[in-house]
Protein chains: 2
Amino acid sequence: MQLQRLVVKAEQLQNEHVRLEPSQLHYLQRVLRLGVGDRFIAMDGEGHAWLATLKPLTDSLAQATSMQATILEPITAPTELAVRVTLVAALPKGNGFDEVVRQSTELGVDQLLPVISDRTLLNPSPQKLDRWQRIANEAAEQSERLCVPHITAPISFTAHLQQTCSQTDSRLQKYLCVARGSTPHLLNCLQASMSDASLPQVMIAIGPEGGWTDAEVAAAIDAGYQPVSLGSRILRAVTAPLVALSLIAAVWESER
Amino acid sequence: MQLQRLVVKAEQLQNEHVRLEPSQLHYLQRVLRLGVGDRFIAMDGEGHAWLATLKPLTDSLAQATSMQATILEPITAPTELAVRVTLVAALPKGNGFDEVVRQSTELGVDQLLPVISDRTLLNPSPQKLDRWQRIANEAAEQSERLCVPHITAPISFTAHLQQTCSQTDSRLQKYLCVARGSTPHLLNCLQASMSDASLPQVMIAIGPEGGWTDAEVAAAIDAGYQPVSLGSRILRAVTAPLVALSLIAAVWESER
C-alpha cells in the first residue's frame, strides 16, 4: 500500500518534528483514520520529503487525544528529473490548459509559463492562476513527485522573449516546437545536447491552435530559441506539450 | 491555408470522381462555403488520399445547383508512421478513453484494443465503440493523417493474451508498461530494437488506475510481452498511453 502524501510548509518542520496544522491532523486522524505509529510522507513541494509517524503529543498543554508527527528519515525517491524543465505554452482555448498543467506535472515539469501569442484566443481571468496551481499540487501528490511545479501569471510571448533574451546562460537550452517545417526532430536535438551531460535546464515553447506566426518564430530564434519538430502529424495545442515533455523526461531517465 | 479533409468510403470513389453523399455535399457547400473549382482532400482512412475539386454535376437528373467532385491527383504526405502500432489499453474510468482515442490518433496509432483488466472499473456500453470510432475519424482528419485507427470491441485482458500468444511473429515486438519496477526504460528498448531496422509492428499495453495485478504481469510475460518503464513518476491511465506513443513515434521519425 502506498503511504499518504501531505504537502507541508517549511515553517512546520522543526528539528525532528512536523508541527501539523489542525486541518491536517483532522485529515490524517479522522479522514484517513491513522493512529499512533502509523506512517505518512511529509513533503515541502521544493524537492524534500520525509517519512513521518504519528505519536501522542507530550506537551503539557495538550489534550490527551492530540497527536503530532515525528520525522523518521528523509526520503530520496528519484521521482524528480535531473534537468529543470520550463514549459512555455501559448494558452489553448477553453479549459485546455487545466489538462496541460495536470499532465505536464505528471511528466516532471519544473515551471509552467503560460503566454499569450498572436493567435491565442483566450484571455484568462486572474482566478485561473489559483486554479492551475491547485491542479499542479494535486497532480504532484498523485504522481509521487517531491516538487510542485510553479506556474507564473500569463504574459505576452513578446514579453517572454524580451525576458529570456537576457538569459545568456549557455547551460540553458531553448527549443521552439513548430509544425510543418523541415526542422530537426526534438529527440535528435535532445540526444545531441546530452553529449554535454551537465545540461541543467531546458525551456520548451509550444504554440497555440494554428501555430506560431512567422514573425513569432523569427523573434524566438533571435531570442535564442532553436526550432524543432515533434513529428509529421499536426498535434493539438493540448497534446504537443505532452509529447515534448515525454521526450525530455525519457532522454534524461533512460540509460545513455 | 490548409485544405479541408473529408473521409470517404471506398465505394464513393469511381474512376476520377468522388460520389459525395448529400450530407458531405451540404457540409462542403453550406458549412465551409466551397464553390466550383474549390479544392479539398478526400481520404479513404486506409492510407490513401486525393486532392479533389468541386465541379457542377452534369448528370441530366441533377438539379442545377448540385455539384460533384473530381480527383486531381493522389497525395502522398508522409504523415503515417513506418511502424504499425497497436495500443492495448485497460479502459480508464469515466470518459477517460475518449481522450486516449483522440490523442493516440494524433500520435499515429494504427489500432486501439481496449481491454478489461482485473482492476478495470468500467464496463462500457456497446454505443461507446461507435463514439470512439467517430472521435478517431475526427482526430485523423485534424491531425492530417491518411489512416484512421481501427478500434476493436473491448475484451478481457486474459482473452487478449490468449489471442496474442499465438502470434509468434518475431517481427512483432510487445511491450507491457509497468510502474514502480526496475524494468528497462521503453526508450532504451525501442532504440535497441531499432538496430533491427525492419521491425514492422509494435504492440504496447497500458494498465488501468492502480496498475496491472502481479498475475496479469506474469501472464503477459508468458504471452511474449516485455515489461518496460515509462519513467520514475506515477502516470495516470490517460497519460501513460501518450507517453508511450510519443516515444514510439519519435524513435521512428527522428534520424538514427
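All values derive from a computational prediction rather than experimental measurement. Chain identifiers are assigned alphabetically (A, B, ...) following the order of the sequence lines, protein sequences preceding nucleic acid strands; residue numbering begins at 1 within each chain.
From B:L81, atom CG reaches atom OG of A:S232 across 7.5 Å, with rounding to the nearest 0.5 Å. Considering OG1 of B:T239 and CG of A:L245, their distance stands at 11.5 Å, rounded to 0.5 Å.
B:E253 has its side chain out of reach of A:N188: every pair of non-hydrogen atoms, C-beta onward, lies at least 4.5 Å apart. Side-chain contact between A:L242 and B:V243 is absent, with no heavy-atom pair separated by less than 4.5 Å.
By the ring pair (Phe, Tyr, Trp, His ring centres under 6.0 Å) test, A:F97 is found to be paired with A:W132, residues two or more places apart in sequence or in another chain being considered.
Contacts with chain B were tallied for A:V251, A:V238, A:L235; A:L235 has the most, counting heavy-atom pairs under 4.5 Å. Of the listed residues (A:H185, A:R236, A:Q142), the greatest number of heavy-atom pairs within a distance under 4.5 Å of chain B belongs to A:R236.
B:S254 and A:L187 get closest at one heavy-atom pair: OG-CD2, 3.6 Å.
Contacts from residues 101-116 of chain A to chain B, taken as heavy-atom pairs separated by less than 4.5 Å, involve A:R102, A:Q103, A:T105, A:E106, A:L107, A:G108 in sequence order.
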